[in-house]
Amino acid sequence: GDSVTQTEGQVALSEEDFLTIHCNYSASGYPTLFWYVQYPGEGPQLLFRASRDKEKGSSRGFEATYDKGTTSFHLRKASVQESDSAVYYCALSDPGNYKYVFGAGTRLKVIA
Amino acid sequence: AQTIHQWPVAEIKAVGSPLSLGCTIKGKSSPNLYWYWQATGGTLQQLFYSITVGQVESVVQLNLSASRPKDDQFILSTEKLLLSHSGFYLCAWSLGAQDTQYFGPGTRLLVL
């Protein structure tokens, strides 16, 4: 079955540090890929999505590029802020169906 | 603008008791609807999806059932709660397959 692997369970950074959260996926088709962010006590909200190879998604300074060759969609931000502290989820959805698979999540803590 | 409402906000229930959680979407006609479960500190597990009134598909078996009695309403229920049902239940909607999902505020359930 489809799967999403996020390597980092927790990341602790100082403000203005560079962020990378790794996301690799396994899917039978050509999935759409998503990054969601979840704040405590709330539902996840979309950061951005990408549907084609080499497509770059971006929002609020975060970005990721769909790489079909390496089956990856790594999240990056050049300079994190304390307000970026949250849990980040990589997710996928396969073509033609309504099933979504989420990664385990990465808890980001940014210290001022 | 679309709004998604979940009820109740939180529940404390006894093992073996019944449960009914609700979700309503306003401002969007014929959305695809989803139920997710999230253990404390865990990832999002899709439970059910529905693309039309009266039709619900199960994604994973957790001794729960779902129904869609109206276009804008999605219900999650069980006749007998287990300790393992504790967690955060999220309702979401999307326009189509592989589309962005928009999540509700969630219902926190504690089973004792």
Side-chain angles (χ1 to χ4, degrees), chain A residues 1-10 21 23 25 27-52 55 57-59 64 66 73 86-109, chain B residues 2-10 21 23-25 30-52 55-61 66 68 74 87-110:
Chain A
D2 297 347
S3 66
V4 175
T5 302
Q6 290 180 237
T7 313
E8 298 87 358
Q10 294 191 74
I21 298 175
C23 172
Y25 69 90
S28 52
Y30 205 134
T32 295
L33 304 175
F34 305 84
W35 275 104
Y36 283 88
V37 58
Q38 186 176 29
Y39 299 98
E42 298 181 6
Q45 44 185 279
L46 179 75
L47 263 181
F48 52 80
R49 54 181 275 185
S51 304
R52 302 179 306 277
E55 180 179 356
S58 63
S59 174
Y66 193 134
F73 194 52
V87 181
Y88 293 81
Y89 290 96
C90 184
L92 70 78
S93 180
D94 253 344
N97 71 50
Y98 300 87
K99 295 182 184 178
Y100 292 72
V101 178
F102 281 73
T106 299
R107 186 173 299 276
L108 171 65
K109 184 170 176 60
Chain B
Q2 302 82 26
T3 58
I4 179 167
H5 174 59
Q6 288 189 242
W7 72 93
V9 172
L21 304 180
C23 171
T24 299
I25 290 85
S30 302
N32 299 318
L33 299 177
Y34 309 84
W35 276 112
Y36 282 84
W37 172 75
Q38 186 176 34
T40 302
T43 189
L44 291 97
Q45 172 66 63
Q46 187 179 357
L47 302 175
F48 300 94
Y49 67 88
S50 171
I51 60 175
T52 191
Q55 289 187 18
V56 177
E57 299 295 330
S58 173
V59 176
V60 64
Q61 284 297 326
R68 186 170 178 177
F74 208 17
F88 196 41
Y89 287 84
L90 290 153
C91 180
W93 68 270
S94 76
L95 284 176
Q98 292 190 281
D99 271 337
T100 299
Q101 292 181 311
Y102 299 92
F103 287 85
T107 294
R108 193 160 298 282
L109 173 67
L110 179 60

Side chain, backbone, both or neither: which part of A:Tyr98 has a heavy atom under 4.5 Å from chain B? both

In terms of heavy-atom pairs under 4.5 Å, which option from B:Asn32, B:Val59, B:Leu44 contacts chain A the most? B:Leu44

Taking side chain as everything from C-beta outward and backbone as N, CA, C, O, which of these in B:Ile51 sits under 4.5 Å from a heavy atom of chain A? Side chain, backbone, both or neither. side chain

Please walk me through it: do A:Phe102 and B:Gln38 pass side chain to side chain contact (heavy atoms under 4.5 Å, CB included)? CA-CA 11 Å; A:Phe102 281 73; B:Gln38 186 176 34; over 6 Å; no

Looking only at the aromatic ring of each residue, does the gap between the centers of B:Tyr36 and A:Tyr100 stay below 6.0 angstrom? no

Other residues, nucleotides, ligands: >12 heavy atoms within 6.0 Å of B:Gln61 CD: no

If only atom types and distance count, is the side chain of B:Glu57 paired as donor or acceptor with the main-chain N or O of A:Lys99 below 3.5 Å? no

Non-hydrogen atoms of chain A under 4.5 Å away: do they reach the side chain of B:Leu90, the backbone, both or neither? side chain

Which atom pairs, one a donor and one an acceptor, fall under 3.5 Å between side chains of residues 39-46 of chain A and the rest of the protein, sequence neighbours left out?
from    : atom 1 : to      : atom 2 : distance (Å)
A:Tyr39 : OH     : A:Arg60 : NH1    : 3.2
A:Gln45 : OE1    : A:Arg60 : NH2    : 3.0

Best-contacting candidate, A:Pro31, A:Gly103, A:Gly105, A:Pro95, against chain B by heavy atom pairs under 4.5 angstrom: A:Pro95

Using non-hydrogen atoms and a 4.5 Å limit, figure out which bit of A:Gln6 sits close to chain B: side chain, backbone, both or neither. neither

Taking the side chain from B:Tyr49 and the backbone from A:Asn97, do they hold a donor-acceptor pair closer than 3.5 Å? no

Cut-off 4.5 Å, heavy atoms of chain A, and the answer for B:Gln6 is neither

Using a cut-off of under 4.5 Å on heavy-atom pairs, state which of B:Gln101, B:Gln45, B:Gln46 scores highest against chain A. B:Gln101

With salt bridge (Lys or Arg N to Asp or Glu O under 4.0 Å) as the rule and sequence neighbours excluded, what pairs involving residues 93-106 of chain B come up? A:Arg49-B:Asp99

